[in-house]
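Structure record follows, encoded as structure tokens.
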Amino acid sequence: MKFSNVIGNKKAVDQIRRLVDEHRMPHALLLHGDPGVPKLALALATAQYIHCAHHTAGGDSCGVCPQCLQHQTMNHADTYFSFPYIKKGDTTVCDTFIEEWKQFLSDGPVENYEHWLSLIKNDNAQPQIFVAESNSIIHKMSMAPYSSEYKVLIMWLPEKMKEDCANKLLKIIEEPSPDSLFILVSDNAKGILPTIYSRTQRIELHKPSTDDIARYISARYGVDMQEALAVAAPADGNVIQAEQNMQRGSESKLFHEEFVALMRMAYMRDLKSLKAWSEGIADMKREKSRRFLDYASRMVRENFIYNLHVPGLNYLTREEQAFSSKFAPYINAANAEPLLKLFQDAADDIKANANGKIVLFDMAIRVTILIKR
């Protein structure tokens, strides 16, 4: 992983690059931010930059030296990993799941906790970092570096570390050997035990911009920027959500068709057809119907903005744009906010286990009134 592969957070990348270049890298660095903000990728890029034999100050790791090649296959001798796992006996440690971990890292630059749970085949057990892992870490970090100046331990989700594990690691984190570096990566810094948190230097990572995420989506999935922007914008800086939006391409197409049908039937006040439509949406089941209502809200916002005639403000697929070019005038200052509230109220009612068919038909009837304001 190179710095150039990290999505967004260029200021944090520059800060870490300077720390390494000026030999001021803290013994324990905490990278933290919301779930969906790529942080583990930056930790991996930092370790590779530290170990790269040919990196240039202010630049990036070379990507071709033996050290970089070992990083790219997750086999660097002086890079260790610690992460939440499921206990299998008294002596289970992270290395029990090292193959699953390598798969996790190779699947993409964004750390998706739900994906990790699927890889370790977790059912009901709560993954944690147990006390046996602390003994393994102490052993690894007490050895001399094999091929580099520094040993680096990357710990993902230290907030899931059990207290007895944290207590055993306190001394080695607070007073490590000069050749040892710890990089902690957290989705919830407030959940880290204070004794560990207080011993770290902290860098908060922020949500990547819509453009940053769109460029990543475009490169990863081979779509043009217009399609990528339409996927990235609703994710609101959450790269995991953007990827899920991309992977739900067929679902988005279905939602668009259902939204168009709703608006056309509402405009014609075809109550019989709207009743059948509401039953069809309810048959999607609870979570999918709520995702449709989220989509409907987005389309209302996008069509309201479309009326400003500033293309750079809209994030629509080509299919959505073709529809909005004719539909947008029907969304205006008089009905945009009431429509958004109507869709949100319906989503809340469905979440509260209300009868979906009744909720959606009532909503559809109200749309017939609002669409002609």
Are [X] and [Y] close enough that a side-chain donor and a side-chain acceptor fall under 3.5 Å?
X    : Y    : value
D107 : H115 : yes
S297 : D294 : no
E243 : Y216 : yes
Q67  : Q48  : no
E111 : W156 : no
S209 : D211 : no

Does NZ or CZ of K151 come closer than 6.0 Å to the centre of the six-membered ring of Y80, within 45° of the ring's axis?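 Not flagged: K151 not positioned over aromatic ring of Y80.
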
For Y197, does the six-membered ring have the charged nitrogen or CZ of R202 within the cation-pi criterion, i.e. under 6.0 angstrom from the centroid and within 45° of the normal?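 Judged by the rule, R202 and Y197 form a cation-pi pair.
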
To check you understand the geometry: which heavy-atom pair defines the closest contact between [X] and [Y], and what is its length?
X    : Y    : answer
S186 : E159 : OG-OE1, 2.8 Å
L370 : N335 : O-ND2, 3.0 Å
S136 : D95  : OG-OD2, 4.5 Å

Is a side-chain donor or acceptor of [X] paired with a backbone partner of [Y] at a separation under 3.5 angstrom?
X    : Y    : value
S218 : A214 : no
S180 : P176 : no
K372 : Y267 : yes

I want to know whether [X] and [Y] have ring centres closer than 6.0 Å.
X    : Y    : result
Y150 : H51  : no
F97  : F83  : no
Y113 : W116 : no

Please evaluate residues K207 and N238 with respect to the criterion side chain to side chain donor-acceptor pair (under 3.5 Å), reporting the C-alpha separation (whole Å), side-chain torsions for both, the decisive distance (0.1 Å), and the verdict. CA-CA 7 Å; K207 293 178 179 180; N238 186 322; over 6 Å; no

Salt-bridge contact [X]-[Y] (side-chain N to carboxylate O under 4.0 Å):
X    : Y    : result
K341 : E337 : no
R318 : D224 : yes
K10  : D14  : no
E320 : R298 : yes
D21  : R18  : no
D164 : K168 : no
R290 : D349 : no
K357 : E279 : no

Should the heavy atoms of other residues, nucleotides or ligands under 6.0 Å from CD of E257 be counted, would the total exceed 12?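 Buried by this count: over 12 neighbours within 6.0 Å.
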
Counting neighbours of CZ on R366 that are heavy atoms of other residues, nucleotides or ligands and sit closer than 6.0 Å, is the number greater than 12?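 12 or below, so no.
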
Find out whether I137 and M155 are in side-chain contact, i.e. whether some heavy atom of one side chain is under 4.5 Å from a heavy atom of the other.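 Sidechains of M155 and I137: in contact.
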
Any side-chain heavy atom of Y330 sitting closer than 4.5 Å to one from M263?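 Heavy-atom side-chain distance check fails, nothing below 4.5 Å.
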
